[in-house]
Protein chains: 2
Amino acid sequence: MAGAPHADVSVTLAVSTVILALRSDDGIGAESGDPAIWLPLVRRIRDPFDGAWALPGGPLGAQESLADAARRSLAETTGLAPRYLEQLYAFGDVDRSPGDRVVSVVYWALVDSTEARRALIGQNVRWFPADRLPRLAFDHNAIVDYALERLRTKVEYSDIARALLGETFTLTELRTVHEAILQRRLDPANFRRQIDSHGQIEATGETRRTGAHRPARLYRYSSSTPSSSPIKETSA
Amino acid sequence: MAGAPHADVSVTLAVSTVILALRSDDGIGAESGDPAIWLPLVRRIRDPFDGAWALPGGPLGAQESLADAARRSLAETTGLAPRYLEQLYAFGDVDRSPGDRVVSVVYWALVDSTEARRALIGQNVRWFPADRLPRLAFDHNAIVDYALERLRTKVEYSDIARALLGETFTLTELRTVHEAILQRRLDPANFRRQIDSHGQIEATGETRRTGAHRPARLYRYSSSTPSSSPIKETSA
DNA sequence: GCAAAAGTGTTCTCCATACACCCATGG
DNA sequence: CCATGGGTGTATGGAGAACACTTTTGC
């Protein structure tokens, strides 16, 4: 009943991470008003899917938790620490990795957009806009789609969007983050009311001027409202 | 980078299932009006936690998907097939299994309450009321709590409660299911409106008499509204 | 008739939405 | 003064909560 499977058919466990960040540039350095969701991918250098782009990840270390493994692949790929990290799903279909059997526990992470600009870019790491990805290795396209769906549902009832912004921000900036995630326009007036009806943000007293118009007030999240966090996992 | 960990520190992968059913009896055969959530546990016959009660589960077969493994442990424990099955979470803290390293992908399942009465009860399988569990092996108490929390949130916006009932049912029966899950009373009038505002149930035309009062109409879910289902997983 | 559960109607409040309107700034 | 985005006010509609009320049965 509790017999171990044969060695030649053993199941491999891996941890991968969907890393999401906001970028306002178009990938070649030029600013382009509306921010969008981007994510870093790594190029595979072995079969299966040699040469294809894939989610960063790898085997689980014996002395690290699942979340720690996700954080590690995040750091190894981008040099960044996550502002938000949550388990997405465990993918384990029999045929998802040609030639062997891999179960992937996948996490999704949000990283600061200003930090993301300084992120490492190596020969085998490249950032892609989330809505125009190439065909990825394994079932990774479906995994990214699921992560984006989770992000969209979660941005509507939680404050995760803050993880994509800096310490202070204007309400228009926060709104454009929501718009980039939801892929639709939001009414500025109603958005403002909805956000501060939760009583989580406070004005800093300062303003930010951007164009030929009235300056916008800067806000921050009150220190008494900790960032929404998923299940507590003990670190190694 | 993709090197396999040493054999002596390898991580074991297991699949466990939180099986939930509705029971109106008190466990010793007597009917007691209000139904409650019950779940089957298996007694461990080896260390660690020898003799303690634990969630049914075991290693993942090389040719079965994660969901298939969950279904298998469900069948082996109760002889039943799930009416609803969804992945709950992957638990992988380093110290959750004394002496070795186990990552458990946990599913939760709902089974038909009338079938559940005929479920197998063996020497090492026993049903417990979900709100009065003994101290379980590993982190299984926390896992059950998380499953119940997921069930509570999901019953409010989906039609999963149908998986705990038979083909036809009265609105009062459906409401008592919701009440058993949410642990609070619901207004019969508002509950009725809320349910049929979704347009998923239809009257069968028949009624059911239960006491010295007006008989209740029987309903069924319309065939055009399939049961809500989680992520599609391909079977082996 | 009475008790009890089934089922309907009405009101109220709280939202999200739509959108008109004023404010502050650069040019 | 005008264009532009920042910010406020207000009307409307829908969903849920509270609860009064009618219907149908067994006794």
Atom [atom1] of [X] and atom [atom2] of [N]: how far apart are they, to the nearest Å?
X: A:Arg175; N: D:dG5; atom1: CZ; atom2: P; result: 10 Å
X: B:Phe169; N: C:dA6; atom1: CZ; atom2: C1'; result: 16 Å
X: A:Leu174; N: D:dG7; atom1: CG; atom2: C1'; result: 15 Å
X: B:Ile195; N: C:dG7; atom1: CD1; atom2: P; result: 14 Å
X: A:His178; N: C:dT17; atom1: NE2; atom2: P; result: 13 Å
X: B:Arg185; N: C:dA5; atom1: CZ; atom2: C1'; result: 13 Å
X: A:Asn190; N: D:dG9; atom1: CG; atom2: C1'; result: 12 Å
X: A:Ile201; N: D:dG7; atom1: CD1; atom2: P; result: 10 Å

Using a strict threshold of under 4.0 Å (side-chain N to carboxylate O), is an ion pair present between B:Glu179 and B:Arg152? no
Is any NZ, NE, NH1 or NH2 atom of the basic residue among B:Arg208 and B:Glu173 found under 4.0 Å from an Asp or Glu carboxylate oxygen of the other? yes
Classify the side chain of [X] and the base of [N] as holding, or not holding, a donor-acceptor pair under 3.5 Å.
X: A:Asp187; N: C:dA16; answer: no
X: A:Arg208; N: D:dG6; answer: no
X: B:Arg214; N: D:dT23; answer: yes

Output yes when a side-chain donor or acceptor of A:Thr204 lies under 3.5 Å from a complementary backbone atom of A:Glu206, and no otherwise. yes
With a non-hydrogen cut-off below 4.0 angstrom, is A:Arg193 in contact with a base, only sugar-phosphate, or nothing? base
Taking any heavy-atom pair under 4.0 Å as a contact, classify B:Ser197: base, sugar-phosphate, or nothing. nothing
Quick one: is [X] getting a side-chain N or O under 4.0 Å of the [N] phosphate, OP1 or OP2?
X: B:Arg209; N: C:dA5; result: no
X: B:Arg217; N: C:dA6; result: no
X: B:Arg192; N: C:dG7; result: yes
X: B:Thr172; N: C:dA6; result: yes

Starting at the 5' end of DNA chain C, which residue's closest nucleotide do you reach first, B:Ala212 or B:Pro215? B:Ala212
Does B:Phe138 reach the side chain of B:Phe91, with side-chain heavy atoms less than 4.5 Å apart? no
Tell me, please, which residues at least two apart from A:Pro129 pass side-chain contact (heavy atoms from CB on, under 4.5 Å). A:Trp38, A:Asp131, A:Arg132
